[in-house]
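Everything on this sheet refers to the single structure shown next.
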Amino acid sequence: VASAANNRTLKQLAVSELKTEEIDGERKVKLFKIGIDASAWMHSVCAVFQFNHAGAGKSPELRTLFFRLGTLLKLPLHVVFVFDGLKRLPEKGRMVRNSPHWLTCDFQRMLELFGFNIQAPSEAEAELAAMNAHGVIDAAMTEDSDILIFGAPCIIRSAKKDKDYLNVEVYTEDGLEHGASLARGDRLLIALLAGGDYDEGVSGCGIKIAHKVAQHSKIGQEMLHAFLSLAPELFSEWAKELVMELRSMLATDPYHFLGCWYKAVADSIPLEFPRCEVISKYVDPITSFSATRSSALAAQDVLSCQPHLADIADFCRVQFGWDDDAIVERMYGGIWEGAYLRTLCKVRITLFVDNR
């Protein structure tokens, strides 16, 4: 999907999307709203300090998150971090942790002090996509490729080798469909053929084969349309023709876009492909917007608040062992600048959510 990316800095994106709106007769700044996958940040900092942890000082992972948040605070953005909820874990088709990441508690506390926080009822990527689709946020930021299938209209991914998450790649649904020739149904077909979080895929069918099939046929789009419009039993009957078409395409390469025949892969496609329960997890995942869930979070507006400067100082003193001079020095360059910006933008003082 690289051909569909719009490469820019997060600051450029934030400034370009700045708007004003009239509220109660007063003109106010409207900031761009992004939701961020919290697990991506936690896993990335742990990878950095996997070796030589003892020589990195006190709480190096949390300290790195602190500086990243300080950088983010200086941008004209409303930022919401979304965490994985443990309720989604049994649905995953691969090995996953059965408890929160060890950084979660301290990271959430730090986010509250900075004015950011939210908790997902299920999988973070699915929640971000739903928030984006319902207009709660303007873009979803995650490194997990599942969000390409969940249906988020605007996706942000950090550029490769960018440790500060400031250089980003922006993907829109229009860009993916026309720039990369991959509509949502095509991306769903790739996941079902090559395998993903919820299914192992078709034996022998790697990402390259799946990509060619999806990009050069209408099978994925037809499959998604049929799944959304047909009852499950009717879809299962319709899917039998899909299996025959896939097998023929892989075994004989009638349109010469595969470059060779993949008879073994064709023979490996099961008769029950694709399974409705797997498609459903991609197309209709459990989120706070699901019909069976509470709509309280779904109805809530996403707004950041002012950072709690005194509490941040106390947090740094306890968690990082900084003295007063070190705290002032480190807050001067990032935290205070962010607080000034939020004052200029008239960001409210009270915290907007606490789900703990």
Heavy-atom donor-acceptor pair, Thr71 side chain to Phe67 backbone, under 3.5 Å: yes

Heavy-atom closest pair, residues Asn132 and Ala140: OD1-N, 4.1 Å

Beyond-backbone contact of Phe32 with Ile34, side-chain heavy atoms, under 4.5 angstrom: yes

Closest non-hydrogen atom pair, Cys305 against His308: SG-NE2, 4.4 Å

Polar side-chain atom of Asp253 near backbone of Phe257 as donor-acceptor pair, under 3.5 Å: yes

Mutual orientation of the aromatic rings belonging to His134 and Phe289 [parallel < 30°, tilted 30-60°, perpendicular > 60°]: parallel

Residues in side-chain hydrogen bond (donor to acceptor under 3.5 Å, both in side chains) contact with Glu277, at least two apart in sequence or another chain: Arg275

Co-membership, hydrophobic cluster, residues Phe107 and Trp102, 4.5 Å side-chain: yes

Note, Leu62 side chain near Met110 side chain (heavy atom, < 4.5 Å): yes

Val168 backbone acceptor or donor facing Ser158 side chain under 3.5 Å: no

Same apolar cluster: Val15 and Val29, side chain cutoff 4.5 Å: no

Exercise: identify the closest heavy-atom pair between Ala339 and Leu309: CB-CD2, 4.4 Å

Spatial distance of atom CG (Leu13) from atom CG (Asp138) [nearest 0.5 Å]: 9.0 Å

ILVMFWY network linking Leu246 to Tyr255, side-chain heavy atoms under 4.5 angstrom: yes

Pro274 to Ile279 - nearest heavy-atom pair and separation: CG-CD1, 3.7 Å

Carboxylate-amine/guanidinium proximity below 4.0 Å for Glu173 and Arg187: yes

Donor-acceptor side-chain pairing of Arg8 and Ser16 below 3.5 angstrom: yes

Pi-cation contact, Trp322 with Arg330 (under 6.0 Å, within 45°): yes

Whether His101 and His43 hold their rings parallel, tilted or perpendicular, with breakpoints at 30° and 60°: perpendicular

Main-chain N/O of Gly175 paired with Thr172 side-chain donor or acceptor, under 3.5 Å: yes

Full working for side-chain contact (heavy atoms from CB on, under 4.5 Å) between Val265 and Ser268: CA-CA 5 Å; Val265 176; Ser268 297; 5.5 Å; no

Nearest-0.5 Å distance, CD of residue Glu125 to CG of residue Asp146: 6.0 Å

Side-chain (Arg317) to main-chain (Ile327) donor-acceptor, under 3.5 angstrom: no

Any donor-acceptor pair under 3.5 Å from Arg184 side chain to Ile149 backbone: yes

For the student: nearest non-hydrogen atoms of Gly70 and Phe114, plus distance: N-CE2, 3.8 Å

Donor-acceptor pair, side chain of Arg247 and main chain of Ile269, under 3.5 angstrom: yes

Check: Ser290 side chain, Thr287 main-chain N or O, donor-acceptor pair, under 3.5 Å: yes

Non-hydrogen side-chain atoms of Thr142 and Ile147 separated by less than 4.5 Å: yes

Transitive ILVMFWY side-chain link Leu234 to Trp238, under 4.5 Å: yes

Donor-acceptor side-chain pairing of Ser44 and Arg68 below 3.5 angstrom: yes

Side-chain (Glu17) to main-chain (Leu31) donor-acceptor, under 3.5 angstrom: no

Trp336 and Tyr332 aromatic ring geometry - parallel, tilted or perpendicular at 30°/60° bounds: perpendicular

Ionic contact status for Glu61 with Arg63, cut-off 4.0 Å: no

Side chain to side chain, Trp41 and Leu69, heavy atoms closer than 4.5 Å: yes

Polar side-chain atom of Ser280 near backbone of Cys276 as donor-acceptor pair, under 3.5 Å: no

Cluster check Met244, Leu258: I/L/V/M/F/W/Y, side chain < 4.5 angstrom: no

Nearest-0.5 Å distance that lies between atom CG in Leu65 and atom CZ in Phe81: 8.5 Å

Closest non-hydrogen atom pair, Leu341 against Pro76: CD2-N, 3.6 Å

Spacing of Gln108 atom CD and Cys105 atom SG [to the nearest 0.5 Å]: 7.0 Å

Student check: side-chain heavy atoms of Val80 and Ile36 closer than 4.5 Å: no

Geometric class of the Phe320/Phe315 ring pair [parallel <30°, tilted 30-60°, perpendicular >60°]: perpendicular

Side chain to side chain, Leu72 and Val79, heavy atoms closer than 4.5 Å: yes

Exercise: do Ser39 and Asp37 side chains pair donor with acceptor under 3.5 Å: yes

Derivation of the side-chain contact (heavy atoms from CB on, under 4.5 Å) call for Ile190 and Ile207: CA-CA 7 Å; Ile190 291 174; Ile207 189 70; 3.3 Å; yes

Contacts under 3.5 angstrom, residues 217-225 side chains, donor-acceptor by atom type, not counting sequence neighbours:
{"from": "Ser217", "atom 1": "OG", "to": "Val213", "atom 2": "O", "distance (Å)": "2.6"}
{"from": "Ser217", "atom 1": "OG", "to": "Ile219", "atom 2": "N", "distance (Å)": "3.4"}
{"from": "Gln221", "atom 1": "NE2", "to": "Asp186", "atom 2": "OD2", "distance (Å)": "3.3"}

Euclidean distance, Tyr171 OH relative to Ile155 CD1, rounded to 0.5 Å: 9.0 Å

Derivation of the side-chain contact (heavy atoms from CB on, under 4.5 Å) call for Leu242 and Phe273: CA-CA 8 Å; Leu242 177 146; Phe273 181 89; 3.9 Å; yes

Phe83 and Leu111, any side-chain heavy atoms less than 4.5 Å apart: yes

Leu128 side, atom CG; Phe150 side, atom CZ - distance, nearest 0.5 Å: 10.0 Å

Close side-chain approach of Pro307 to Arg342, heavy-atom, < 4.5 Å: yes

Full working for side-chain contact (heavy atoms from CB on, under 4.5 Å) between Lys33 and Leu77: CA-CA 6 Å; Lys33 302 176 183 180; Leu77 292 167; over 6 Å; no

